[in-house]
Amino acid sequence: ILFLRRELHRHNHLYYVEAAPVISDREFDAMMRELSDLEARHPELFDPASPTQRVGGSPLKEFASVTHRRPMMSLDNTYDENELRAFDQRVHKILGDRAVTYVVEPKVDGVSLSVQYERGALTLAATRGDGVTGDDITANVKTIRAVPLRLEGQRIPDFIEVRGEAFLPVEGFLRLNEEREKQGEPLFANPRNATAGSLKQLDPNIVAARPLSAVFYAIGELQGAAPATHAEEIALLKSLGLPVPQSHWTSANIDEVIA
């Protein structure tokens with residue numbers, strides 16, 4: 001059972017995070033069936049972080065409220081180079097003579113997520129809500145195969161809250177709308193709308209049938225030594241087996257950011 005759990009976690013990561021599968025879907029499904037059968041025969045070895053626990057469970061009557069340990073603020077935006085330079089000037093005014101480097105990464109158009117891990121196991125997932133209070137969507141997030149149920153790596157913190165975005169890849173969005181059209185259901189307006197609608201479902205089984213993914217780019221709270229820079233933060237998240245922006249750049253100044 002432990003061997004199969006480790007292997008299935010590894011193959012999930014290779015498929016959904018690294019996009020580099022090494023076994024076929026049929027082989028994966030056979031391993032999952034074997035694990036499910038063994039767990040049914042040995043209920044004393046139940047583990048909420050087992051790959052078999054991603055899907056299932058009764059629909060919720062409503063979402064519980066979650067108070068964030070630290071507020072989840074919304075991101076500001078600009079479409080103007082002059083505004084970007086003005087931002088850089090404010091940063092330098094605040095920091096004085098200190099050197100400033102930037103990290104540039106893609107903005108994923110999805111729904112903000114907060115996910116907590118205790119001793120490596122996923123224990124809570126929540127929406128941003130109003131920034132102070134969000135909805136407990138743990139059951140739904142557990143169905144997203146890109147989100148590890150258990151962290152990996154040599155130095156797993158006792159507690160970490162990571163922040164990122166749930167999203168629907170374009171290919172999955174198009175496929176989902178094709179299926180809805182065949183069934184005579186209204187189409188989703190865009191991938192973000194589809195993601196938000198999916199995470200609001202009270203039945204995790206419905207969410208599991210939708211090809212959601214996720215990416216993480218920040219730490220809300222961490223027990224232990226915190227990374228000194230944002231680039232180190234992304235590296236730490238990746239080392240724990242979390243999906244991070246595949247492309248990101250460190251820029252020495254605002255000119256490199258704009259370029």
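Both cation-pi conditions hold for Arg69 and Phe159: the charged atom is under 6.0 angstrom from the six-membered ring centre and inside a 45 degree cone around its axis.
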Which side-chain N or O atoms in residues 176-190 pair as donor and acceptor under 3.5 Å with protein atoms at least two apart or in another chain?
unit_1: Asn177; atom_1: OD1; unit_2: Phe188; atom_2: N; d: 2.9
unit_1: Asn177; atom_1: ND2; unit_2: Phe188; atom_2: O; d: 3.1
unit_1: Arg180; atom_1: NE; unit_2: Pro186; atom_2: O; d: 2.8
unit_1: Arg180; atom_1: NH1; unit_2: Glu185; atom_2: OE1; d: 3.4
unit_1: Arg180; atom_1: NH2; unit_2: Pro186; atom_2: O; d: 3.1
unit_1: Asn190; atom_1: OD1; unit_2: Arg192; atom_2: N; d: 3.2
unit_1: Asn190; atom_1: OD1; unit_2: Asn193; atom_2: N; d: 2.7

Which pairs of donor and acceptor atoms, one on a side chain in residues 100-115, lie under 3.5 Å apart (sequence neighbours left out)?
unit_1: Tyr102; atom_1: OH; unit_2: Asp88; atom_2: OD1; d: 2.7
unit_1: Glu105; atom_1: OE1; unit_2: His230; atom_2: NE2; d: 3.0
unit_1: Ser114; atom_1: OG; unit_2: Glu161; atom_2: OE2; d: 2.6

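Other residues, nucleotides and ligands place more than 12 heavy atoms under 6.0 Å from the CD atom of Glu44.
In this structure a side-chain-to-backbone donor-acceptor pair under 3.5 Å is missing from Asp136 to Val66. In this structure, Ser24 contributes its side chain and Glu27 its backbone to a donor-acceptor pair below 3.5 Å. His9 places no side-chain N or O within 3.5 Å of a backbone atom of Arg150 that could act as its donor or acceptor partner. The closest donor-acceptor contact from the side chain of Ser50 to the backbone of Asp47 lies at 3.5 Å or more, if one exists at all. At least one donor-acceptor pair closer than 3.5 Å links the side chain of Asp80 to the backbone N or O of Asn82.
At a threshold of 4.5 Å between non-hydrogen side-chain atoms, the residues Phe28 and Asn12 count as touching. Between Gln201 and Arg210 the shortest side-chain heavy-atom distance falls below 4.5 Å. Counting heavy atoms from C-beta outward, Lys142 and Leu149 have side chains that approach closer than 4.5 Å. Counting heavy atoms from C-beta outward, His11 and Met31 have side chains that approach closer than 4.5 Å. Inter-residue side-chain proximity for Ile160 and Gln116 is flagged as unmet; no heavy-atom pair is nearer than 4.5 Å.
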Next item on the list: Walk me through it: do Arg5 and Leu35 pass the test side-chain contact (heavy atoms from CB on, under 4.5 Å)?
Entry: CA-CA 7 Å; Arg5 285 173 180 165; Leu35 176 59; 3.8 Å; yes
Next item on the list: With side-chain contact (heavy atoms from CB on, under 4.5 Å) as the test, would you mind laying out the steps for Glu152 and Arg6 before giving the verdict?
Entry: CA-CA 10 Å; Glu152 303 174 352; Arg6 282 196 299 269; over 6 Å; no
Note to self: side-chain contact (heavy atoms from CB on, under 4.5 Å) for Leu212 and Val141? Distances and angles first, verdict last.
What the structure shows: CA-CA 9 Å; Leu212 295 174; Val141 169; over 6 Å; no
Note to self: Could you walk me through whether Glu39 and Thr52 satisfy the side chain to side chain donor-acceptor pair (under 3.5 Å) test, starting with their C-alpha distance in whole Å, then the side-chain angles of each, then the deciding distance to 0.1 Å, before giving a yes or no?
What the structure shows: CA-CA 9 Å; Glu39 288 180 339; Thr52 59; 2.5 Å; yes
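Across Val215 and Pro245, no two heavy atoms sit closer than the pair CG2-N, 3.4 Å. Shown here for Leu8 and Pro51, the closest heavy-atom pair between the two residues is CB-CG, 3.7 Å. Residues Pro227 and Glu233 come closest through the heavy atom pair CB-N, 3.6 Å. For the residue pair Ile144 and Ala166, the shortest heavy atom distance occurs at CD1-CB, 4.4 Å. Shown here for Pro243 and Ala214, the closest heavy-atom pair between the two residues is CG-O, 3.4 Å. For the residue pair His68 and Ala126, the shortest heavy atom distance occurs at CE1-CB, 4.1 Å.
In this structure, Ile219 CD1 and Glu232 CD are separated by 10.5 Å, a value rounded to the nearest 0.5 Å.
Side chain to side chain, Tyr217 and Glu165 meet the donor-acceptor criterion of an N or O pair below 3.5 Å.
Among residues at least two apart or in separate chains, side-chain hydrogen bond (donor to acceptor under 3.5 Å, both in side chains) pairs with a member in residues 245-259 are Arg85-Asp255.
Hydrophobic clustering, with ILVMFWY side chains joined whenever heavy atoms are under 4.5 angstrom apart, groups Leu236 together with Leu122.
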